[in-house]
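Heads up: the structure comes next, in structure tokens.
Ligands are counted one by one from 1 in listed order, and the atoms in each one are counted from 1 as well.
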Amino acid sequence: MDSKPRRRVAVVGATGVAGQQFLASLVNHPWFEVTALAASPRSAGKTYRDAITSPAGQLGWACDGPLPGQFADRIVIDAQKLDPSEVDLLFSAVESDAARDLEARFAPHVPVISTSSAFRYADDVPIIVPGVNGDHSALVKRQQRERDWRGFVLPIPNCTTTGLAIALAPLVRAFGVEAVIMTSMQALSGAGRSPGVIAMDVLDNVIPYIPKEEEKVQKETAKILGTLSGDRIEPLDLPVSATCTRVNVRDGHTEAVTASLGRPADLAEVAAVMRSYGREFVDLGLPSAPPEMIHVSDDPYRPQPRLDRTLNDGMTTVVGRLREDHVLNNGIRFVLLSHNTKMGAAKGAILVAEQVIAQGLA
Ligand SMILES: NC(=O)c1ccc[n+]([C@@H]2O[C@H](COP(=O)([O-])OP(=O)(O)OC[C@H]3O[C@@H](n4cnc5c(N)ncnc54)[C@H](OP(=O)(O)O)[C@@H]3O)[C@@H](O)[C@H]2O)c1
């Protein structure tokens, strides 16, 4: 695969939090070459460096490490003017209102892998979590047939859903899961930069409400863990009671999860199915895949965002504090940590693109 010419990709929303992470993850990618950077008319015509520099002169590069030189002087184009025929694949990282229009313009021509919610709930659109429900990607053939598209749109979930779906997937398979209660402590970068969370609001504080987030977690978790049956996805019958909060952490969503299993299971068994989960997927050797999907820690003080979010470059879900719960039937409890801009956004979307290419769908 490495000897083939790299595919030309566009990043739409390249100046935002997720878009920047796309660029950081695509530097020297063996399969993809970024040939177009697009954003709103506000950024269009500027060099990338100028587009992310504030009027006061502050460079707004939010990823670790310096702004990659290969992008700094590239001219950002207006996403409305991007010609999809000039790329082989497109990564979309814009808010859902803008995405609804833009993705509908691009998907007739090229595969669009999206971080937005614009198409997530359409009947013919799966929500893909790499290593969990790659088989759902086959639904893009229905999009192509019924919408008469050459491309397709393939969204990843909301970043809070990603870690939850990954941690629950092995439990669903091994024991069944009857109900889930989850409280999230979500990082600031999850809110993006336009306008993002105001520092004065979150310093020394916890914000107990994130609009639309809890509904997304419920709906998306059931869809991801559902079954592809013919030309549609049968959502898993799984009630998820979510409370989503914003905390003063830069990156990494922490979630406290209580799950009612379908049958009794001891904790060693639960830890074992989590640790071995996704082995076949990992063994495919896709460039952005982590060496383990779930890392289970026995240290009662882990996971912590500052210490654990960079494990395997933010692509592994870290689970800790695994213990019994005596309130729900066959209850277990744990805390998980998932990197919201890596597996939960850009690098997760890149891994989805790698997976659909490996599946021969793109
Ligand atoms: N942040 C995360 O952790 C995360 C995780 C998973 C999914 N997501 C999803 O990813 C998407 C982007 O989120 P974000 O956090 O990166 O937001 P963000 O930091 O606010 O960035 C928004 C991006 O969209 C561009 N944009 C805005 N309006 C546009 C328009 N009309 N046409 C073209 N481009 C436009 C902006 O360009 P300008 O700079 O030119 O305004 C910017 O590049 C959202 O759908 C979000 O829900 C984010």
Side-chain angles (χ1 to χ4, degrees), residues 10-25 36-55 59-63 71 75-82 90-106 112-120 127-130 153-165 184 186-198 210-213 216-217 220 244 246 249-254 305 309 314 338-352:
V11 178
V12 177
T15 50
V17 168
Q20 294 190 11
Q21 199 59 249
F22 269 109
L23 299 189
S25 303
L37 304 180
S40 78
R42 186 195 67 76
S43 305
K46 297 180 183 168
T47 63
Y48 185 75
R49 184 194 285 106
D50 286 349
I52 62 166
T53 299
S54 75
L59 181 73
W61 177 250
C63 302
F71 301 124
I75 300 296
V76 178
I77 57 176
D78 178 351
Q80 289 286 353
K81 297 190 177 139
L82 175 67
L90 193 145
F91 292 111
S92 168
V94 298
E95 290 302 333
S96 58
D97 284 345
R100 230 179 301 284
D101 167 51
L102 288 170
E103 293 174 9
R105 288 201 320 106
F106 300 135
V112 175
I113 313 292
S114 172
T115 60
S116 90
S117 62
F119 282 86
R120 278 185 206 146
I127 305 172
I128 301 297
V129 178
V153 60
L154 208 51
I156 63 164
N158 169 282
C159 45
T160 310
T161 306
T162 303
L164 185 65
S184 71
Q186 298 180 214
L188 301 177
S189 60
R193 284 208 139 190
S194 40
V197 182
I198 295 167
I210 303 174
K212 299 188 190 161
E213 199 82 346
K216 287 182 184 173
V217 172
E220 295 177 16
C244 294
R246 187 79 65 197
V249 165
R250 191 185 76 162
D251 295 313
H253 290 350
T254 303
R309 63 187 165 213
S338 174
H339 197 305
N340 53 294
T341 67
K342 298 267 192 169
M343 186 56 135
K347 206 167 172 186
I350 294 168
L351 183 52
V352 169

Is it true that Glu95 and Ser116 share a donor-acceptor pair across their side chains at a distance under 3.5 Å?
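Note: Ser116 and Glu95 side chains miss the donor-acceptor criterion.
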Taking only residues two or more places apart in sequence, or in another chain, which ones meet Thr115 in a side chain to side chain donor-acceptor pair (under 3.5 Å)?
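For Thr115, no residue satisfies side chain to side chain donor-acceptor pair (under 3.5 Å) once neighbours in sequence are set aside.
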Quick one: ring pair (Phe, Tyr, Trp, His ring centres under 6.0 Å) partners of Phe91, sequence neighbours excluded?
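Partners of Phe91 by the ring pair (Phe, Tyr, Trp, His ring centres under 6.0 Å) criterion, ordered by chain and then number, come out as Phe22, Phe32.
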Would you check if Trp61 and Tyr48 make a side-chain contact, meaning some heavy-atom pair closer than 4.5 Å?
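Yes - at least one pair of side-chain heavy atoms lies under 4.5 Å apart.
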Are the side chains of Arg250 and Leu188 in touch, meaning some heavy atoms are under 4.5 Å apart?
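They are not in contact (no side-chain heavy atoms under 4.5 Å apart), so the answer is no.
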Hey, what polar pairs (N/O, under 3.5 Å) does ligand 1 make with protein?
residue, atom, partner, partner atom, Å
ligand 1, 1 (N), Ser189, O, 2.9
ligand 1, 3 (O), Asn340, ND2, 3.0
ligand 1, 10 (O), Thr115, OG1, 2.8
ligand 1, 16 (O), Val17, N, 3.2
ligand 1, 16 (O), Ala18, N, 2.7
ligand 1, 19 (O), Val17, N, 2.9
ligand 1, 19 (O), Arg193, N, 2.9
ligand 1, 20 (O), Arg193, N, 3.4
ligand 1, 20 (O), Ser194, N, 3.1
ligand 1, 20 (O), Ser194, OG, 2.3
ligand 1, 34 (N), Ser40, N, 3.3
ligand 1, 37 (O), Thr15, OG1, 3.2
ligand 1, 39 (O), Thr15, OG1, 2.6
ligand 1, 39 (O), Arg42, NH2, 2.6
ligand 1, 39 (O), Ser43, OG, 3.4
ligand 1, 40 (O), Ser40, N, 3.1
ligand 1, 40 (O), Ser40, OG, 2.6
ligand 1, 40 (O), Ser43, OG, 2.5
ligand 1, 41 (O), Ser40, OG, 3.2
ligand 1, 41 (O), Arg42, NE, 3.3
ligand 1, 43 (O), Gly13, O, 3.1
ligand 1, 43 (O), Thr15, N, 3.4
ligand 1, 43 (O), Thr15, OG1, 2.6
ligand 1, 43 (O), Gly16, N, 3.1
ligand 1, 45 (O), Val94, O, 2.7

Any salt bridge (charged side-chain N to carboxylate O under 4.0 Å, His left out) pairs touching residues 39-52, not counting sequence neighbours?
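Residue pairs with at least one partner in residues 39-52: Arg49-Asp73.
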